[in-house]
2 protein chains.
Amino acid sequence: MESRCENCIIRQFNALRAASTEELKKVSDSKITKKVKRGEALFEEGEKLNGVFCVRNGVSKLSKLSANGKNQIVRLASKGEVMGQRSVIVEEPTNLSAIAVSDMEVCYIPKESIVNTLHKNPDFTFEALRLMSHDLKEADDVIVNMSQKTVKQRVAEAFLYLKSNFGVDNGGFLLVRLSREDIANVVGTATESAIRIISEFKKLGYIKTSGKKISIINEKKLQDLVQGF
Amino acid sequence: MESRCENCIIRQFNALRAASTEELKKVSDSKITKKVKRGEALFEEGEKLNGVFCVRNGVSKLSKLSANGKNQIVRLASKGEVMGQRSVIVEEPTNLSAIAVSDMEVCYIPKESIVNTLHKNPDFTFEALRLMSHDLKEADDVIVNMSQKTVKQRVAEAFLYLKSNFGVDNGGFLLVRLSREDIANVVGTATESAIRIISEFKKLGYIKTSGKKISIINEKKLQDLVQGF
DNA sequence: ATCAACATATGACATTTATCAGTTTTTGAT
DNA sequence: ATCAAAAACTGATAAATGTCATATGTTGAT
């Protein structure tokens, strides 16, 4: 049987924490829980979304394809984060694709069961605004990093980000396992360039790898690099 | 005498369009209209803001300084746009500086007269959310452009953006007059690189200049360039 | 267990962009 | 109108990054 939003701890991380019991009931009754396999798309750039996706488990990349065939990963979404709300709020096709980076469990919430809340419950709307403010700040930071940091610094920063946001397993390996191509697409560089830098970090002893897994050995060195030392 | 928000057409461009008569009155009573000269700061990165700024006239750049002394302009704000709301909403110091790019007239609205509305009037909050959604989408686009377009393409795009967003005068010259350094900071490149590209565009007959003023002659060519032709 | 498809890796080289150094032009204060 | 400071400009060169080619390793479907 399906679990209920009312009992879902994950909603503490998103605007649903501000929803009333009745509102939550409505959401819960209409939501659909889906399993999404690594590599599958939740939605694609240009689609008009009729609902939002709340991540229960796993990680999704939000990316945008450009004319030259390159892909830029704009951000990663994990537990508790909601994807697609922008499209629902402004009633426009989404500007980003969402593709699972690991196996995922997401709840799809049809827009009908939230737009009303969005127009009636200011606490909920305010929470959404607060969270979007946060996303906007992060986006601003990314813009600044893209223009002012070298590829090497951005790769270092990406590893630190992956560690602090998604954590590590018992062996100290990053839980999110991105392909080299994905790392390049987060950082905004060519795959080969990313690979070269990763190799260099390995040689320098900043990180180590085991198969596809990556572990940060010398966090300090990476931080210094990001700071420009 | 000061003009009243109730009669201000500019508020149609921001969330205040959704404010009630009483709410508007409160805002109007507490607001302070300021004149800001070109080059002066409305606020600086790191400041805790106790209100928001609504632009009546002129253009402001929102930028961020980085460790290496470089500046990145994240966006430009003009008539009707509100600056500083992120800081007020999340109650954090602002991550950006706002500096006038032309002489400006702005209204400073103390946060006390809007936070209440933000928590009580869902229409107002929703409008703010809608506008921030728009900003977020734009920011995403900037990220993608930064990583996937060449400096030349980004300069071309910047000119097209300045034309379509801020318009031209009778002579066809861009109304917003950015210094070469500012253009470089919008585009995320070195000032010299921006200058070189501008010179090239002049030679190619895509643009012409008269003193500091810039006019787009061949919009099509610039568009093609942005598209990668 | 095998094999094709894909991901990772590395070298050589081309291209883009930044940096430094210096000149000319513009601007604003007096 | 004059002059100093700032901005715009140009060339030479260095550094960073992308591209292409090719080799090796890994993985998942049969």
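The sequence lines fix the lettering, A, B, ..., with proteins before strands; numbering per chain opens at 1.
Counting only distance, with no hydrogens or angles, the side chain of B/S179 and the backbone of B/D182 share a donor-acceptor pair below 3.5 Å. With B/S215 contributing its side chain and B/K208 its backbone, the two residues share no donor-acceptor pair below 3.5 Å. Remark: side-chain polar atoms of B/T209 are not paired, donor with acceptor, to backbone N or O of B/G211 under 3.5 angstrom.
Under the 3.5 Å distance criterion, with hydrogens and angles disregarded, a donor-acceptor pair is assigned to the side chains of A/E157 and A/N145. A donor-acceptor pair shorter than 3.5 Å can be found between the side chains of A/S3 and A/R56. Side chain to side chain, A/E181 and A/T191 fail the donor-acceptor criterion of an N or O pair below 3.5 Å. B/E92 and B/S87 form no side-chain donor-acceptor contact under 3.5 Å, judged by distance and modelled atom types alone.
Direction of the helix axis in the helix from C/dA1-D/dT30 to C/dT30-D/dA1 shifts by 60° between the two five-pair termini, rounded to 10°.
Taking atom CZ of residue A/F201 and atom P of nucleotide C/dT10, one finds them 15 Å apart after rounding to whole Å. When rounded to the nearest whole Å, the span between CE of B/M146 and P of C/dT16 equals 19 Å. Distance, B/E192 CD to C/dT16 P: 18 Å, rounded to whole Å. The CG-P distance, from A/D182 to C/dC6, rounds to 15 Å in whole Å. Atom C1' of nucleotide C/dC6 and atom CZ of A/R38 are separated by 11 Å, given to the nearest angstrom. The NZ atom of A/K152 sits 20 Å away from the P atom of C/dT17 (whole-angstrom rounding). Following rounding to the nearest Å, B/I197 (CD1) and C/dT17 (C1') show an atom-to-atom distance of 9 Å.
Close approach of DNA chain D to chain B, defined as any atom under 4.0 Å from a non-hydrogen atom of the protein, starts and stops at D/dA7 to D/dA12.
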List, one per line, each side-chain donor-acceptor pair under 3.5 Å for residues 37-48 of chain B, sequence neighbours excluded.
unit_1	atom_1	unit_2	atom_2	d
B/E40	OE1	B/K37	N	3.2
B/E45	OE1	B/L65	N	3.0
B/E47	OE2	B/E44	N	3.0

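Heavy-atom nearest nucleotides on DNA chain D were determined for A/G211 and for A/V151, and the one closer to the 5' end corresponds to A/V151. Along DNA chain C, the nucleotide nearest to A/S147 and the one nearest to A/S179 differ in position, and the one closer to the 5' end is contacted by A/S179.
Among the atoms of the strands shown, only primed sugar atoms or phosphate atoms (P, OP1, OP2) are found under 4.0 Å from some heavy atom of B/T189. Across all strands, B/E181 comes closer than 4.0 Å only to sugar-phosphate atoms, never to a base (heavy-atom distances). In this structure, A/T150 reaches the sugar-phosphate backbone alone: every heavy-atom distance under 4.0 Å involves primed, P, OP1 or OP2 atoms, never a base.
At C/dA18, one or more side-chain N or O atoms of B/S193 fall inside 4.0 Å of OP1 or OP2 (strictly under the cut-off).
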For a salt bridge (charged side-chain N to carboxylate O under 4.0 Å, His left out) check, start with the C-alpha distance between A/R75 and B/D140, then their side-chain angles and the critical distance, and finish with the verdict. CA-CA 9 Å; A/R75 60 185 150 268; B/D140 286 346; 3.2 Å; yes
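Contact of B/R196 with C/dT19 (side chain to base): a donor-acceptor pair of N or O atoms is detected under 3.5 Å.
Within the cation-pi definition used here (under 6.0 Å to the ring centroid, within 45° of the axis), B/K34 qualifies as a partner of B/Y108.
You'll find that the side chain of A/K202 is closest to C/dA9, out of C/dC20, C/dA9, C/dA7.
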